[in-house]
Amino acid sequence: MKPFVYVANWKMNLSFTQEVAFAKQNQADLIELGKKPDTTIVLCPSYCSLAPLSELFKNSSIALGAQDCSAYKPGAHTGQIHAQTLAELGCTFCIVGHSEKRTQCHETNEQIAQKVAHLIVHNITPIICIGETIKDHRAGKTVAILEEQLAPIVAAFIHAETIPPLCFAYEPIWAIGTGVIPTPEVLKTTYAWLRAHLQQKLGHASQNTRLMYGGSVDEQTSAKITMLADIDGLLIGSASLDFQKFKKIVELQR
Ligand code: PGA
């Protein structure tokens, strides 16, 4: 079985108390689920819950991830969290470039590449989100947008003999939270292009990259998506807030 990653992106849906309560309530079941062979489950709560969740899942089958990190070095950056802090809290993954952050906080591709650089220094695997708007999708610009979003990250590794583990999550913006998933043709062509592009730019080092999918993944759509697309993982938003749904998604994957 090929290794498969399930990332639960809780976003800002729950409060601190609710996140910790959810984790406590499902602690044993989550740990059991995470023991499935070749499976990595990553919980991404909000920043404040990282410390208590790190205790709850210490040395267990469950990995911890943050939803973002700062693009800056430690210093005068009010309200930001550095990768080192995330590492100290037990994070081994971190989402960067989520479309909600790109849109709501006007993040640039260069800033996202800087975040990736900080995460790598602290041995945190970045989960780099990329994806196009419905307007760009309809205009046939998907590949052009993805290429632009990937450019500064790819450039940082272009002559590298080896690269650290990197996850790229294709999340079409029009599929996030909408219940709409891409057609088989879109999935096939997009992932074929992504693999070829990374191989062309990074050569053999691209073997250390994982491709994931995110956007309206639930217990109904997950099997279809993984059947159609050559992917190594799923980024799950709303369905990860319902343990039974999340469990089904993990169990369905062969
Ligand atoms: P969704 O969110 O599963 O609720 O569509 C996915 C994401 O934004 O990561």
Side-chain angles (χ1 to χ4, degrees), residues 4-14 18-19 22 26 30 33 40-47 49-50 53 63-69 86 91 93-107 112 115-116 119 124-134 136-137 142 145-146 149-150 166-183 186-187 190-191 194 210-229 231-253:
F4 208 83
V5 188
Y6 301 86
V7 180
N9 179 12
W10 291 353
K11 309 192 180 185
M12 200 180 72
N13 284 298
L14 304 176
Q18 291 168 334
E19 287 188 335
F22 181 95
N26 298 298
L30 276 163
L33 199 59
T40 304
I41 293 180
V42 187
L43 298 184
C44 299
S46 48
Y47 287 133
S49 304
L50 289 171
L53 263 69
L64 202 58
Q67 297 177 14
D68 193 24
C69 75
L86 301 179
C91 290
F93 289 85
C94 181
I95 298 169
V96 290
H98 192 283
S99 64
E100 285 149 15
K101 292 249 32 188
R102 288 179 188 264
T103 316
Q104 295 163 14
C105 303
H106 312 290
E107 279 189 358
I112 293 159
K115 294 178 182 199
V116 169
L119 291 169
I124 297 175
T125 302
I127 302 165
I128 305 147
C129 300
I130 52 172
E132 81 288 6
T133 61
I134 190 65
D136 287 331
H137 176 68
T142 301
I145 299 291
L146 299 186
Q149 291 175 335
L150 288 170
L166 300 174
C167 296
F168 293 97
Y170 173 52
E171 296 207 301
I173 297 172
W174 44 275
I176 297 175
T178 58
V180 178
I181 58 164
T183 61
V186 170
L187 287 173
T190 309
Y191 284 96
L194 269 172
R210 281 174 168 170
L211 297 187
M212 303 174 62
Y213 170 83
S216 294
V217 175
D218 62 22
E219 73 289 11
Q220 321 280 350
T221 56
S222 64
K224 202 152 123 196
I225 294 163
T226 52
M227 216 169 65
L228 291 167
I231 57 172
D232 314 296
L234 292 166
L235 193 46
I236 307 154
S238 57
S240 69
L241 297 164
D242 178 329
F243 178 70
Q244 291 309 324
K245 284 189 183 177
F246 186 68
K247 187 177 172 206
K248 266 200 191 129
I249 296 170
V250 177
E251 283 176 348
L252 278 170
Q253 180 67 33

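Residue numbers start at 1 and run along the sequence shown. Ligands are counted one by one from 1 in listed order, and the atoms in each one are counted from 1 as well.
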Exercise. Specify the protein heavy atom at minimum distance from atom 7 (C) of ligand 1: its residue, its atom name, and the distance to 0.1 Å.
Key: Glu171 OE2, 3.2 Å
Numbered atoms and elements of ligand 1 in range of [X], under 4.0 angstrom, heavy atoms:
X	value
Ser216	1 (P), 3 (O), 5 (O)
His98	7 (C), 8 (O), 9 (O)
Asn9	9 (O)
Leu235	9 (O)
Gly177	1 (P), 5 (O)
Ser238	1 (P), 3 (O), 4 (O)
Gly237	1 (P), 2 (O), 3 (O), 4 (O), 6 (C)

Exercise. Before signing off on this row, confirm whether Gly214 and ligand 1 have an N or O atom pair separated by under 3.5 Å.
Key: no
Exercise. Look only at interatomic distance and state if Lys11 has a nitrogen or oxygen under 3.5 Å from any nitrogen or oxygen of ligand 1.
Key: yes
Can you name the closest pair of heavy atoms from [X] and [Y] and give their distance?
X	Y	result
Gly65	Val42	N-CG1, 3.7 Å
Gln18	Leu14	OE1-CA, 3.4 Å
Thr178	Ser216	N-OG, 3.4 Å

Quiz item: Ala239: heavy atom below 4.0 Å from ligand 1, yes or no?
Solution: no
Exercise. Tell me, please: is Gly215 in heavy-atom contact with ligand 1, that is, under 4.0 Å?
Key: yes
Exercise. Verify, without hydrogens or angle tests, whether Glu19 (side chain) and Ser46 (backbone) share a donor-acceptor contact under 3.5 angstrom.
Key: yes
Quiz prompt | Under 3.5 Å: donor-acceptor pair, side chain of Ser240, backbone of Gly237 | solution = yes
Practice problem: May I ask you to check whether Tyr170 and Phe168 place their ring centers less than 6.0 Å from one another? | Solution: no
Quiz item: With no hydrogens and no angle check, do the side chains of Gln67 and His98 hold a donor and an acceptor under 3.5 Å apart?
Solution: no
Quiz item: When you look at NZ of Lys247, are more than 12 heavy atoms from neighbouring residues, nucleotides or ligands closer to it than 6.0 Å?
Solution: no
Exercise. Would you check if Ile236 and Asn9 make a side-chain contact, meaning some heavy-atom pair closer than 4.5 Å?
Key: no
Practice problem: Examine the proximity of ligand 1 to Ile176 and report which part, side chain or backbone, both or neither, has a heavy atom under 4.0 Å away. | Solution: both
